[in-house]
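Data block below; observations after.
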Amino acid sequence: MTRSTVQQAVTGEPGIRPPWQVAAEQPRPDTPGLDWFAGRQAAARARIVQSGLPEPAEEDWRYTSLASFARRWGEYLSAPAGAVVPEAGDPAPGRLPVGGHGVTVNIVNGVLRSLPVDGGAGLTIRSLGQLTADLRGRAENLLLKTDKTTPDKLVDLNTALLGDAILIATEPGCSPPEALHVRLKAGTARLLSQPRLLVDLAPDSQLTLILEHTGGSGALVNAVSQMSLGRGSQLNLIRVQTLPDDGMLLDTTDMELAESASLTVTSVDLGGQLCRQTIAVRLAGPGASATVNGVFLADGKRHIDNHTRLLHQAPGTTSREFFRGIADGHGRGVFNGKIIVMPGAAGSNAALTNRNLLLAPTAEIDTKPELEIYVDDVRCSHGATTGQLDPNALFYLRSRGLDPAIAREVLTSAFLREGLSGIVIPELRLRLEAQLQARLGGEPASKEPGATK
Amino acid sequence: MDTTPLLQVTGLRVAVGGKEILTGLDLCVRAGEVHAIMGPNGSGKSTLAHVLSGRDGYEVTAGSANYRGQDLLAMPPEERARAGVFLGFQYPIEIPGVSNVYLLRSALNARRAARGEGEIDAVGFLRLVREKARLMQMDESFLQRGVNEGFSGGEKKRNEVFQMAVLEPLLAILDETDSGLDIDALKVVANGVNSLRAADRAFVLITHYQRLLDYIRPDYVHVLAGGRIVRTGDRTLALDLEAGGYDQMLPAAST
C-alpha cells in the first residue's frame, strides 16, 4: 500500500504551496530581546521550508497523518486573521484562583497574557523580552538543549515561527508552596498557535506545574516545552488536554534530569480531534528518577497518539511508566513507549506498562512498548494489553445488585479514573473525574479520596 | 411462623465444561436457619455457591432451585441480589477506581428500589455504614478506598461480611468465608454473621473446616460429596467429621 504524503494531500492542486513554506516567508514581527536567537531561528526556518511536517513514511508517524492539520493550517494562512487580539472571556491579568488553589498564568496563542501578581517565593515567570541577563542565560541554555538531541521537525517549526517563549524558573532550594497553573489557550483566531515554554528548575527546588491545553473551536496548536531539572530538584508535572472536539494539538515535551532529580508526569488527554504528544525524558544524572503516567480517552472520532521516550544515560537511574487508554466509537488510540538504557547507565531500573480498553469494534488501539538495552546490569520490564472489561469484576458488581449496563460504565470509568489518582490538586482531579463521569458514566466525582467526611 | 422454604433445591445437576459436578443435590433452607455445607475439595461446594448466585459457565442439566417460590436459576445475578440473595465470595475481587462507599450505596439502593423504597438519604446511609463498620471493626477510612484495593485476604473477607451487614439479605451464601482468616479475624466475621441472625433470614455457610462452627452454631450440617449431599445432621456431625475425616462419610462405591 502506498501512502500519500502530507505534502501531496495539501497541495494536490498545482500552484498551491505547502503552508510551512508560506508561513516561513511571511514577515516576522521583531520580538524585543530575541535578537540573540535570530540565527538559530533562520536555520530552523530553512530546514522546515525543505522538510515540512512529519510524513507517514517516518516510523514514529506511521499511525498519525498530519494531512488534516496541514490542510487547516493552509486555510488559515490563505485567510489571515490579522493581529492577535485579546479574546472575550480571557481572564484579567493577576492572581487567579484554580478552585482556590495555586496561581494561574494565561498564554493565549503562544503569547503571555496574564501573570500572577506574585508567583510565589523563588519563582519567576517571564516573556523572553523581559529577561535579565542571568535569566537570559538560563533560557538560552534550555533552547540549546533540544539542538543537542535529534533534530525534530515540530520543534524546528515552533522555533522557525517563534514569536515569544515563556520562561518559568525557580531559585535554588526554593519550593513555591502552591501549584503553578499554566493555561495554554488556543484562541478562536484562525491561526497556528505555537506556545513555547521553558521550565528551568534550579538545584534542590521543587515545583508542581499544571499545563492545561484548552482552546476554542478550530484550535490548531504546535506546542513545545523544554524542561531542565537541576540536581536534586523535583517537578510534578500535570499535563491536561481538554480541547474542543475539532481541536488539533501537536505537543512536544522535552525534559532533562540532572543528578538525583525527580520527575512525576501525569498526562491526561480527554479532548481534541487530533492529538499527538511526544514526551522525551533524559535521565542524564546519576540517581535521577522519572514516573510518567498517562490517561487517554479516544472516543467519538478522536485520534490520540502518545509517544514517550525515556532515555537512561547515567548509572542508577529509575523510570516507571504506566499509560492507560480507552478507544470507543470511531476513536483511535496510539501508544508507543520506548525505554533506552545506554551503556553508561549500569544499575538502572525501568518498568513500562500500557493497558487499554477497546469498547467498540470500530475503534482501534495500536500499542508498541519497546526496550533497547545496551548494558548488562539493569532491571527492565515492559508489557502491554488491550482488551475488554474483566468479567470477574463485572460479575462481582452484578452480584451486588448493579444493573449490567451500569456495572460496565462503572468499571470503564474506574479504569481511567485510577490513572488520575496521582493528581494531587483535589479541585483539578474532581473536575477531570466529573468529565469522565459525564462521558462514560459510573461513579460520580468524589470529594476527598482517602478521607471521610 | 411461615414454614415455606426460603430456598428449595431439588435434584440439581450442574455441569462445567461438559463434566458433571453436582449430581442431584437436594437442599431445603427455611427462614431463621443456619446451614453448614461441608465437604472435601472437589466435592462441588463452590459450584453450588456459584450456580446459586448466577455466575456464567455453569450448565444446569436437571433439577431446580426455588427462592421464595421463584425460579432462582432463571434470574440474572443482579435480580437475585435485589431479591435478597447475597453471595460472600471465596476470592473477593479488587476493583481499583471504584470506591467501597459507592458500591455499597449503589447496591443498597438497587435492593431498596426492588422493594419499592426510595434511595437512602445521605445521613441515614452514613449512620448505617458507620454502625456496620464498627461491628466489623473496620476503620472508616477504607470506605473511600477502591473496592478491596490493597486489602489483605482477611480484610477482603471482613469486607464481604460488612457488605452483607449493610445489605441485610434474606439468604446469605458464604463461600469459604473462613478460609485464610486468623483466629481474631474469624471471631470478627463470626460475630458479624451472628449479629445478623434473624427469624426472617437464613445462612448457608460453605466451609472446609469445622473451626468456623465453633463460633457460628449451625442448625444443620450437610456433608457434600461427589456432587450431592450424602449426610445431614446437627452440629455434632461437624465434630464427627473433624475427628474422623470425610472418608468415613463417603459411600464405598464412590471412593
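Values in this document were obtained by computation on a predicted structure and should not be read as measured data. Letters A, B, ... are given to chains in the order of the sequence lines, protein chains preceding strands, and every chain is numbered from 1.
Counting only heavy atoms from C-beta outward, the side chains of A/L397 and B/I95 approach each other to under 4.5 Å. The shortest distance between side-chain heavy atoms of B/L103 and A/L402 falls below 4.5 Å. Considering only heavy atoms from C-beta on, A/F395 stays 4.5 Å or farther from B/D56 through its side chain. Taking the side chain as every heavy atom from C-beta outward, A/S399 and B/F86 never approach each other to under 4.5 Å. Annotation: side chain of A/N392 is in contact with side chain of B/R55 (closest heavy-atom distance under 4.5 Å). Taking 4.5 Å as the limit, some side-chain heavy atom of A/D403 sits within range of a side-chain heavy atom of B/R82.
For the pair A/R400 (side chain) and B/A107 (backbone), a donor-acceptor distance under 3.5 Å is absent. Side-chain atoms of B/E78 never come within 3.5 Å of backbone atoms of A/P404 as a donor-acceptor pair (strictly under, hydrogens ignored).
Around atom CZ of A/R355, no more than 12 heavy atoms belonging to other residues, nucleotides or ligands sit under 6.0 Å away. Environment of CZ in B/R197: crowded, with over 12 heavy atoms of neighbouring residues, nucleotides or ligands closer than 6.0 Å. Atom CZ of A/F322 is surrounded by more than 12 heavy atoms from other residues, nucleotides or ligands within 6.0 Å. Shown here is A/K301, whose NZ atom has no more than 12 heavy atoms of other residues, nucleotides or ligands within 6.0 Å. At most 12 non-hydrogen atoms from other residues, nucleotides or ligands lie less than 6.0 angstrom from CD of B/E119. More than 12 heavy atoms of other residues, nucleotides or ligands lie within 6.0 Å of NE2 in A/H382, so this atom counts as buried by the packing criterion.
Between chain A and the options B/R80, B/Q163, B/E149, B/R111, heavy-atom pairs under 4.5 Å are most frequent for B/Q163. Top candidate by heavy-atom pairs under 4.5 Å with chain A, chosen from B/A110, B/P77, B/A114, is B/P77.
Of the two parts of B/V101, neither the backbone nor the side chain holds a non-hydrogen atom closer than 4.5 Å to a non-hydrogen atom of chain A. Contact of B/N100 with chain A is not made at all, since no heavy-atom distance falls under 4.5 Å.
The two residues B/I93 and A/A393 come nearest to each other via the heavy atoms CG2-CA, 4.0 Å. When all heavy atoms are compared, the tightest approach of B/Y102 to A/P444 is CE1-CD, 3.5 Å. Looking at every heavy atom in both residues, B/A81 comes nearest to A/G401 through CB-N, 3.4 Å.
Using a cut-off of 4.0 Å between Lys/Arg side-chain N and Asp/Glu carboxylate O, B/R105 and A/E443 are scored as not salt-bridged.
Atom-to-atom distance recorded for B/S99:OG and A/R417:CZ is 7.0 Å, nearest 0.5 angstrom.
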